[in-house]
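Starting from 1, each residue takes its place in the sequence as its number.
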Amino acid sequence: YMLTGSELLMGSLFAFNFVPGLLFSLFTGTFVDRWVKKRVLIVIYLGRGIMVSITAVLFAFRLLEVWHLFFITFINSTLECFSRPAEMSIVPRLLPHDKLMTGNSFSTSISRSAELIGLSAAGALIALIGISGTILIDACTFIFAALIIAFMPNPEAAEAAAEKSGSPAVTEPAKRSVIGDIREALAFVKQHALLLITTVLAMINNFCLAPLNVLQPVYVKETLGVGAGGMSVLGSSLLIGMVCCGIWMGRYGKSFKKSTLIIAGSILLGLSYFALGIPGNLPAFRIEAAAGCMFLAGVAVT
């Protein structure tokens, strides 16, 4: 938005971010299944760190062009298509079955906390060291993650050793094709109505939320009249709402039907989204009112 001032280009870039997912997501999971997950994550995180570093350097030297952003976004999103299935499959491989629920909860809590810290710090970092410096810190987090994973035990090696020490009479299953795996996955979704309906609902929600995601910098700058700190406030409010509702769901969620929670969440999301139109017409406390709306949106999403 700073480079062009164009909402159209910003929206196009946001949409372009999802193109690799549409093109490759059906295939990446099946490929990752065949590769060593630890090695995949190291390579992916290093690759994303390098691409984000290039963005920071180009911006610092005023060489960043719009086409650079489209190209780097495409590469980053393609790499993310490979990292997601690897990340999702590695926690169950690292932990015994009786500790899986605790491990998943802990992992999710840490992720949310990290997002909250990042969003809260982003505005202050931009004011302190500038946009390029903040992007460079982001790049360093990817490289640091790759280093941590490099020291992580390889769960697949342990699995292979356990199988080797087990019954030798068990024969290996026949190797299946990538296309065969994809067909099986699509058939599974098609046969389960609830899974199909949930997928369609997620698609509708994401479609409706696209303007909020795309136009948030414009909303913060033009409507609320604040800078990068305003982005941090709104993002933090959203995550605080998600964390608070996550705690509530963990304690009381089982008392309600899942369909009731989904319908209530969708209605609340619509109301909080609609309410974001109000702060721009207030004479004061615009950012505070918008933060309240984003908090409710975070509750609704959860």
Side-chain angles (χ1 to χ4, degrees), residues 1-22 48-49 51-80 115-142 205-239 272-282 286-291 293-295 297-298 301:
Y1 189 56
M2 285 180 64
L3 289 175
T4 65
S6 169
E7 290 92 343
L8 177 63
L9 274 174
M10 194 168 61
S12 301
L13 183 64
F14 179 82
F16 194 68
N17 183 50
F18 296 98
V19 170
L22 293 172
R48 292 177 73 182
M51 297 310 296
V52 176
S53 298
I54 291 170
T55 308
V57 171
L58 288 174
F59 188 82
F61 288 96
R62 298 184 180 180
L63 299 172
L64 189 66
E65 302 285 346
V66 172
W67 73 267
H68 292 148
L69 287 174
F70 276 88
F71 175 76
I72 291 168
T73 294
F74 185 84
I75 298 297
N76 261 333
S77 298
T78 301
L79 291 172
E80 193 175 357
E115 286 182 53
L116 187 58
I117 293 166
L119 280 166
S120 302
L125 283 171
I126 290 170
L128 188 65
I129 59 176
I131 291 176
S132 57
T134 305
I135 297 173
L136 196 59
I137 288 176
D138 183 34
C140 290
T141 63
F142 283 112
N205 276 336
N206 282 329
F207 178 84
C208 294
L209 287 170
L212 176 63
N213 292 324
V214 173
L215 296 174
Q216 201 169 149
V218 184
Y219 176 74
V220 167
K221 185 178 180 183
E222 308 294 345
T223 305
L224 301 181
V226 293
M231 290 284 292
S232 289
V233 170
L234 294 191
S236 298
S237 299
L238 181 74
L239 274 171
S272 58
Y273 198 175
F274 174 80
L276 280 167
I278 298 172
N281 299 309
L282 296 177
R286 291 181 175 183
I287 188 68
E288 292 84 357
C293 296
M294 291 295 280
F295 174 85
V301 167

Nearest heavy-atom neighbours spanning Ala289 and Leu282: CB-CD1, 3.7 Å
Validation row: Thr4, Met10 side chains within 4.5 angstrom (heavy atoms): no
Where Val214 and Gly11 come nearest, the two heavy atoms and their spacing: CG1-CA, 3.1 Å
Close side-chain approach of Glu7 and Glu222, heavy atoms under 4.5 Å: no
Pairwise side-chain contact, Ile131 with Met2, heavy-atom cut-off 4.5 Å (strictly under): yes
Gap between atom OG1 of Thr55 and atom CG of Leu58 - 0.5 Å precision: 7.0 Å
Side-chain donor or acceptor of Arg286 paired with backbone N/O of Thr223 under 3.5 Å: yes
Closest contact, heavy atoms only, Pro279 versus Leu224: CB-CD2, 4.0 Å
side-chain hydrogen bond (donor to acceptor under 3.5 Å, both in side chains) pairs, two or more places apart, involving residues 57-78: Asn17-Ser77
ring-ring contact (aromatic ring centres under 6.0 Å, His included) partners of Phe14, counting only residues at least two apart: Phe18
Nearest-0.5 Å distance, CD1 of residue Ile135 to CG of residue Leu125: 11.5 Å
From CG (Leu63) to CD1 (Ile54), nearest 0.5 Å: 12.5 Å
Nearest-0.5 Å distance, CZ of residue Phe142 to OG of residue Ser53: 10.0 Å
Partner residues of Glu115 under the side-chain hydrogen bond (donor to acceptor under 3.5 Å, both in side chains) criterion, sequence neighbours left out: Arg112
4.5 Å side-chain heavy-atom contact, Leu238 and Leu234: no
Minimum side-chain heavy-atom gap Ile137-Ile129 below 4.5 Å: yes
Under the side-chain hydrogen bond (donor to acceptor under 3.5 Å, both in side chains) test, residues paired with Ser236 that sit two or more places apart: Ser120
Closest non-hydrogen atom pair between Ser272 and Cys293, with its separation: CB-O, 3.5 Å
With Glu288 via side-chain hydrogen bond (donor to acceptor under 3.5 Å, both in side chains) - residues at least two apart: none
Reported CG-to-CZ distance for the pair Leu9 and Phe16, which is rounded to 0.5 angstrom: 12.5 Å
Which residues share a side-chain hydrogen bond (donor to acceptor under 3.5 Å, both in side chains) with Glu80, sequence neighbours left out: Arg84
Point-to-point distance, once rounded to the nearest 0.5 Å, from CG of Leu69 to CG of Leu64: 4.5 Å
Shortest non-hydrogen contact from Tyr273 toward Pro211: OH-CB, 3.5 Å
Over all atoms of both residues, closest heavy-atom pair of Val220 and Gly227: CG1-O, 3.3 Å
Side-chain heavy atoms of Ile72 within contact of Val52, under 4.5 Å: no
